[in-house]
Protein chains: 2
Amino acid sequence: MNAPTPLPLGHSKAPSATRGVADRLRQAIISMEFPPGTRLSEGEIATRYDVSRQPVREALISLSRIGLVQVLPQRGTIVTRISTRHMMQVRIAREALESAIVQRACERFDPVIRGSIDAILETQARAACEGDYMTITAADSQFHAALATGADCEMIWQMVLDVKAHMDRVRHLTLQDRDSMRILVEQHRAIVDAIDQRDPEKADHAMRHHLMEILRDLPRVLAERADYFE
Amino acid sequence: MNAPTPLPLGHSKAPSATRGVADRLRQAIISMEFPPGTRLSEGEIATRYDVSRQPVREALISLSRIGLVQVLPQRGTIVTRISTRHMMQVRIAREALESAIVQRACERFDPVIRGSIDAILETQARAACEGDYMTITAADSQFHAALATGADCEMIWQMVLDVKAHMDRVRHLTLQDRDSMRILVEQHRAIVDAIDQRDPEKADHAMRHHLMEILRDLPRVLAERADYFE
DNA sequence: CCTCTTGATCTACCATACAAGTCCATACTA
DNA sequence: TAGTATGGACTTGTATGGTAGATCAAGAGG
């Protein structure tokens, strides 16, 4: 235990059962296949995904750390209900983190990644015209990830991913029309422009404005689906 | 699985074996009992703490999510080495989050918690005069936690705790003299003053100034203990 | 009608056994 | 000697059985 051996690290992209279950569960929760309040059971999920209970259990531990599920000892596991108080903090946290990312991006930004962003935005713009929801959201995630990576903030992006999961879940409830999709792309362009101009204040403002809009329709959903909230 | 039963939640303060191992391991890593690069083994830790491998394994999963350990599939688990690049991102993230907390505190702050802060600062000031390192750090954690709680940002505080672990580990390497301890208390007072005056800009500046100092001695440690870094 | 007890039935938790991949020292081969 | 198999001693990953605690419904007693 005490030997500080080198143990060279070959990076881990292990497609383990635990990770597989975690990813599938995470996606199922975000996409509302398992709506808030759904009662999960280690055994049932194990049967459904054809694995043992142990990987399921470990996946649930990861998800409970993010806050997507609540594990109640000896009682059960439920998909976390949406709380406006919690969502408020989620928004604040993501704004703070992503604002910090773009501000750092104004100081230094990997030119190679900068080049790839144009392609992402173009893909997203085309998808917006066609109303392709899946491509839109995928490109959105790629865009924000590229910002973080280009600014050398990959670890911060991991933190953003956790809070992002909560926002993605409510976004699934607010159906997006094509106009708001086009606005989304415009906002992305504004962020990139600010970074190109090395204007931290402008970038900060553009990012916060962009993120603010995501939870705009939260009150309406609250009225329609009160059972999803706590 | 699909029944959205109420399942009333009695808050979980479960003193499970997993949590116990996780807390002890976390403390051992932060306090440098297990220095960076230490090779951990599920089996050895299980024997040492007199539990089965499973709780140890689940504890390591939690710690790996924080980034305190690295689990290399089929190869081993090591205490994460300190990386200046990673610490830079840690600092940025914590500054962003805690800055957001104090700015929100300027908008609204629980008066009861505001009252308790004075006692915390007084305790810390006394400990600073006596050079009581343990009490200082405990009060420091209480202070920042009180800020978050009073500003209704408890969930954000959980995120801060994760990045804070990395900074606490570095701080354990930089021995603190009594002068820097007194400065610490002064900086805390400045933050509270800014909140009392409802001055977000001042609070933001005070918090960032406070956090900046923690990693001031990082380069010196890097020179002294290169084996702790990657 | 209300309160309490009891037992069946769930749950997550933990321990143990097994499987599979990695590393390394040793021995064998060219 | 240098290079290459090879087998054993690790490691983490997965499966399964058993245990304690929580819930709830039915029934006894007031």
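Just so you know, these numbers use all the heavy atoms, side chains as well, and skip hydrogens, waters and symmetry mates. Throughout, protein chains are lettered first and strands after them, A, B, ... in sequence-line order, and every chain is numbered starting at 1.
With a 4.5 Å cut-off on side-chain heavy atoms, A:Gln124 and A:Leu121 count as touching. Two residues are said to be in side-chain contact when any heavy atoms from C-beta on lie closer than 4.5 Å; B:Thr77 and B:Leu72 fail this criterion. Residues A:Val56 and A:Tyr49 have side chains not in contact (no heavy-atom distance under 4.5 Å, counting atoms from C-beta outward).
Across the protein-nucleic acid pair, B:Ile78 atom CD1 and C:dC23 atom C1' stand 15 Å apart, rounded to whole Å. When the P atom of D:dA15 is taken as reference, atom OH of A:Tyr49 falls 15 Å away, rounded to whole Å. Distance A:Ile45 CD1 to C:dT11 C1': 13 Å, rounded to the nearest Å. Computed from coordinates, the A:Gln70 CD to C:dT11 P distance equals 18 Å when rounded to whole Å. In this structure, A:Gln54 atom CD and C:dC18 atom P are separated by 17 Å, rounded to whole Å.
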Task: Sugar-phosphate or base contact per nucleotide [nucleotides 6-13 of chain D; S, B, -; heavy atom under 4.0 Å] - done: -----BBB

Are any protein N/O atoms closer than 3.5 Å to N/O atoms in nucleotides 5-8 of chain C? If there are, list each pair with its distance.
none

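In terms of the salt bridge (Lys or Arg N to Asp or Glu O under 4.0 Å) criterion, residue partners of B:Glu107 (sequence neighbours excluded) are, by chain and number, B:Arg104.
Within the 4.0 Å cut-off from OP1 or OP2 of D:dT14, not a single side-chain nitrogen or oxygen of A:Ser52 is found.
Relative ring orientation between B:His172 and B:Tyr133 is described as perpendicular, the plane-to-plane angle rising above 60° on a 0-90° scale split at 30° and 60°.
Within 6.0 Å of CD on B:Glu224 lie more than 12 heavy atoms contributed by other residues, nucleotides or ligands. Counting non-hydrogen atoms of other residues, nucleotides and ligands closer than 6.0 Å to CD of A:Glu154 gives a total of 12 or fewer.
Screening A:Leu184, A:Ile120, A:Thr123 for a side-chain contact (heavy atoms from CB on, under 4.5 Å) with A:Phe143, the sole residue that qualifies is A:Ile120.
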